[in-house]
Structures are given as structure tokens and as C-alpha cells.
Amino acid sequence: MYDQEKIKPYDNCGDKAEQVEKMFDSIAPTYDKLNHQLSWNIDKGWRRKAIKAISPFNPRKILDVATGTGDFAILAAKMLRPDSIVGCDISEGMMDVGRKKVSALSLDSVITFAKEDCMQLTFADNTFDAVTAAFGIRNFPDLDKGLHEMCRVLKQGGHLCIVELTEPVKFPMKQLFGIYSHTVLPLVGRMISKDTSAYGYLTATIEAFPQGERMMDILAKAGFSNSSFRRLTFGICTLYIATK
């Protein structure tokens, strides 16, 4: 078990997946606003770089895991123009926000949403050309199992693209990020979302999540090859690309 798998949003009792679902349902109405404000809108650039990284492979059928409110799926639809994108998540509250955005942009024919447990995806083996995940796999109850499932539904030769918040490793950004993530982030998160636990949990998962070379080993164990990573914005975010 990895450190972030022990961290739960509300308490140490009960199922982590149920707590994560409850948390995201709670913060869904304010999630997009907070994401952009707390990252100074840099998160939009991170998504764009991730999508550019898989664009040479021209994926036609994409699964966006832990899709949330669909920001990554929407941008992928615009930039890659695939035949279809399925956005899956355990939070109906988050996906309801995503459905409204997709409908407003007339992307319903390309993007669909499905409630899925990422530990047990219902899709058949070798279904998707690309599997993506933006800022979501830190919440997996079992990282190995979740990545194995993502590998299973990916076609042979298909590509995995993960963009995830990470803890900077170099001075002074490591220290500055620590101060920001322990003070500003949870305070503003509580004020806007009204959830007293969600953004403290966010900080804890960032610090506990395996990253860099360690993540390369975990991806290999899950069945991926040719893994690579690139730190973005001084290491606040990391982009991972791998092949099945």
C-alpha cells in the first residue's frame, strides 16, 4: 500500500472510495472555480501540454479516468478531434457539472459520461486508443489496481497520459509550495467550497503520492512500457506518458 492510499478525506473509519465520492459530490459546484483560482489558471496550461503530448498518436477512442467536471475531456475533444471520449468518475455530482458544460459546447456527440469504479472498470479489454487521467489518480484506493485496470482497457500499443499534482523537489519551490499548500490552499478551499476537509485532504495526497522515478516503476509493474515523465512549473505538476 502506498502512503496516499491510507489518506481519507474525513476520518480513518469507513471506505475510502465512498468518502472520496461524498467529498467530490460536496465540492462539485465550486470545483472548477477553485481549481483555476488556486492554480492561478496554470492548470489550463498543464492540461494543454498533456494533450499535446499524445496528439502525435492520433487517438480516436479515449477514456478519461477520474474525469471530474470534464475539463480534460472537453479540451481533448477540441484539440484532438477524436471519434469519442468517455469520461468516467465515481462522483455523479462532478459529472453532472461536466454534462452541462459539454451540452453547452454542443459536444454531446463526442463526449459521454459514465459512473465507474476505477478499481473495476466495466469496459472490455483492449477498447481504447488512449487512457487519460488529470489530477485524479491520487484518490485511488489502490493505485496498482487502478493502473492495471487502465492498462487492461487500453489497446496494445495504445498510450497512457497522466497529469498529476506533485510536490516540488528543489529549493526554494519545495519550501514555498509547502507553505502555500498548508495555509492558503486549505483556507481558500474551506471558504469557497464550505467543505472543511476537502482541501486539507488535497494537500496530504499531493505530499504522499509517489512521483518521478518511483512512479515509473509502478507503471512498469502495472503493465506499461516506455514510460517517461516531465515536471511542469518547477515540479508542482508532473506529466507521465506510457505505452501498453
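Just the heavy atoms: all of them, side chains too, but no hydrogens, waters or symmetry mates, feed the values below. Position 1 is the first residue of the sequence; numbering continues from there.
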Asker: Count I, L, V, M, F, W, Y as connected when their side-chain heavy atoms are under 4.5 Å apart, and connections chain through other members. Are Val20 and Ile7 then in the same cluster?
Answerer: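 Same cluster: Val20 reaches Ile7 through Ile, Leu, Val, Met, Phe, Trp or Tyr contacts under 4.5 Å.
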
Asker: Mark yes or no for whether Tyr2, through its side chain, and Asp142, through its backbone, hold a donor-acceptor pair below 3.5 Å.
Answerer: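 No: the side chain of Tyr2 does not pair with the backbone of Asp142.
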
Asker: Should Phe72 and Met95 be counted in the same cluster of Ile, Leu, Val, Met, Phe, Trp and Tyr side chains packed under 4.5 Å apart?
Answerer: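 Yes, one cluster joins them.
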
Asker: If the test is side-chain contact (heavy atoms from CB on, under 4.5 Å), which one of Asp64, Val102, Thr67 qualifies with Ile74?
Answerer: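 Answer to the side-chain contact (heavy atoms from CB on, under 4.5 Å) test with Ile74 among Asp64, Val102, Thr67: Val102.
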
Asker: Between Met215 and Tyr240, is there a side-chain heavy-atom distance shorter than 4.5 Å?
Answerer: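 Answer yes - side chains close enough.
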
Asker: With rounding to the nearest 0.5 angstrom, report the CE to OH distance, Met23 to Tyr201.
Answerer: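 Rounded to the nearest 0.5 Å, the CE-OH separation comes to 5.5 Å.
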
Asker: How close do Leu121 and Glu149 get, counting heavy atoms only, and between which atoms?
Answerer: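 Looking at all heavy atoms of both residues, the shortest contact is N-OE1, 2.8 Å.
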
Asker: Answer whether the closest heavy-atom distance between the side chains of Asp89 and Phe113 falls below 4.5 Å.
Answerer: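 A side-chain contact is absent here, since even the closest heavy-atom pair is not under 4.5 Å.
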
Asker: Using the rule that two of Ile, Leu, Val, Met, Phe, Trp, Tyr join whenever any of their side-chain heavy atoms come within less than 4.5 Å, decide whether Ile162 and Phe57 are in one cluster.
Answerer: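 Each belongs to a different hydrophobic cluster.
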
Asker: With heavy-atom distances below 4.5 Å as the criterion, would you say the side chains of Leu239 and Ser228 are in contact?
Answerer: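 No, their side chains stay 4.5 Å or more apart.
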
Asker: Of the non-hydrogen atoms in Ala53 and Ile241, which two are nearest, and what is the gap between them?
Answerer: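 Shortest heavy-atom contact: CB-CD1, 3.8 Å.
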
Asker: Using a 3.5 Å distance criterion without hydrogens, assess whether the side chain of Glu164 forms a donor-acceptor pair with backbone atoms of Gly136.
Answerer: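 It does hold such a pair.
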
Asker: Can you give me the closest heavy-atom contact between Gln4 and Arg138, atom names plus distance?
Answerer: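 That closest heavy-atom pairing would be CG-O, 3.3 Å.
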
Asker: Can you tell me if Arg152 has over 12 outside heavy atoms packed within less than 6.0 Å of its CZ?
Answerer: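 More than 12 within 6.0 Å, yes.
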
Asker: Are more than 12 heavy atoms from other residues, nucleotides or ligands located less than 6.0 Å from atom NZ of Lys52?
Answerer: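 No, NZ of Lys52 has 12 or fewer neighbouring heavy atoms, counting only those of other groups under 6.0 Å.
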
Asker: So how far is it from Glu167 CD to Thr203 OG1, rounded to the nearest 0.5 Å?
Answerer: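 Going from CD on Glu167 over to OG1 on Thr203, the span is 10.0 Å.
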
Asker: Nearest 0.5 Å, please: how far is CZ in Arg231 from CE in Met173?
Answerer: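 One finds 13.5 Å between CE of Met173 and CZ of Arg231.
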
Asker: Between atom CG of Asp125 and atom OG1 of Thr127, what is the distance when rounded to the nearest 0.5 Å?
Answerer: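 One gets 7.0 Å once the value is rounded to the nearest 0.5 Å.
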
Asker: Return a table of donor-acceptor pairs under 3.5 angstrom between the side chains of residues 218-225 and protein atoms on other chains or two or more places apart.
Answerer:
| from | atom 1 | to | atom 2 | distance (Å) |
| --- | --- | --- | --- | --- |
| Lys221 | NZ | Asp144 | OD2 | 3.4 |
| Ser225 | OG | Thr243 | O | 3.3 |

Asker: Quick one: does Glu116's side chain have a donor or acceptor within less than 3.5 Å of a partner on Thr122's backbone?
Answerer: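 Such a contact is found between Glu116 side chain and Thr122 backbone.
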
Asker: For a 4.5 angstrom cut-off between non-hydrogen side-chain atoms, does Trp46 reach Phe135?
Answerer: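 Yes; the side chains approach each other to less than 4.5 Å.
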
Asker: Which pairs pass side chain to side chain donor-acceptor pair (under 3.5 Å) with one or both residues in residues 99-114, sequence neighbours excluded?
Answerer: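 Qualifying pairs, neighbours excluded: Asp32-Lys101, Thr69-Lys101, Asp71-Lys101, Glu92-Arg99, Asp96-Arg99.
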
Asker: Do Leu165 and Phe209 have side chains that approach each other closer than 4.5 Å (heavy atoms only, starting at C-beta)?
Answerer: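 Of all side-chain heavy-atom pairs linking Phe209 with Leu165, none is under 4.5 Å.
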
Asker: Between Asp129 and Arg60, is there a donor-acceptor pair closer than 3.5 Å when you use the side chain of the first and the backbone of the second?
Answerer: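 Yes, because the side chain of Asp129 sits within donor-acceptor range (under 3.5 Å) of the backbone of Arg60.
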
Asker: Is the shortest distance from a Lys or Arg side-chain nitrogen in Lys16 or Glu5 to a carboxylate oxygen in the other one below 4.0 Å?
Answerer: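 No.
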
Asker: Can you check whether Phe140 reaches Met119 side chain to side chain, under 4.5 Å on heavy atoms?
Answerer: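 Heavy-atom side-chain distance check passes, below 4.5 Å.
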
Asker: Is a side-chain N or O of Thr233 found less than 3.5 angstrom from the main chain of Ile236, in a donor-acceptor match?
Answerer: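 Pair absent, no side-chain N/O of Thr233 close to backbone of Ile236.
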
Asker: Compare every heavy atom of Ile85 with every heavy atom of Ala76, then report the nearest pair and how far apart it is.
Answerer: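 Of all heavy-atom pairs spanning Ala76 and Ile85, the closest is CB-CD1, 3.9 Å.
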
Asker: Within the 4.5 Å heavy-atom criterion, are Arg47 and Met79 side-chain neighbours or not?
Answerer: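 No, side chains not in contact.
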
Asker: Given side chain to side chain contact (heavy atoms under 4.5 Å, CB included), test Val86 with Phe123 step by step and report yes or no.
Answerer: CA-CA 11 Å; Val86 179; Phe123 308 105; 3.9 Å; yes

Asker: Which residue, Val65, Leu63, Ile54, forms the side-chain contact (heavy atoms from CB on, under 4.5 Å) with Thr132?
Answerer: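 Considering Val65, Leu63, Ile54, a side-chain contact (heavy atoms from CB on, under 4.5 Å) with Thr132 is found only for Ile54.
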
Asker: State plainly whether one hydrophobic cluster holds both Ile51 and Val110, where clusters connect Ile, Leu, Val, Met, Phe, Trp and Tyr through side-chain heavy atoms under 4.5 angstrom apart.
Answerer: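 In one cluster with Ile51: Val110, yes.
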
Asker: Here's a test for you: under side-chain contact (heavy atoms from CB on, under 4.5 Å), which of Met150, Gln156, Lys155 qualifies with Lys244?
Answerer: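 That would be Gln156; it is the only one of Met150, Gln156, Lys155 passing the side-chain contact (heavy atoms from CB on, under 4.5 Å) with Lys244.
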
Asker: Heavy atoms only: give me the nearest Pro82-Pro59 pair and the separation to one decimal.
Answerer: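 Taking every non-hydrogen atom into account, CB-O, 3.5 Å.
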
Asker: With clusters defined by side-chain heavy atoms of hydrophobic residues (ILVMFWY) lying less than 4.5 Å apart, directly or transitively, does Leu147 cluster with Leu154?
Answerer: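 Per the 4.5 Å side-chain linkage, Leu154 and Leu147 are co-clustered.
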
Asker: Grab the two heavy atoms, one from Cys237 and one from Thr166, that are nearest each other, plus how far apart they are.
Answerer: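 Looking at all heavy atoms of both residues, the closest pair is C-OG1, 3.5 Å.
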
Asker: Looking at Lys61 and Asp83, is there a salt bridge between them, counting it only when a charged N and a carboxylate O are closer than 4.0 Å?
Answerer: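 Answer for the salt bridge query: no.
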
Asker: To the closest 0.5 Å, what do you measure between CZ (Arg48) and CG (Leu75)?
Answerer: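 Going from the CZ atom of Arg48 to the CG atom of Leu75 covers 5.0 Å.
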
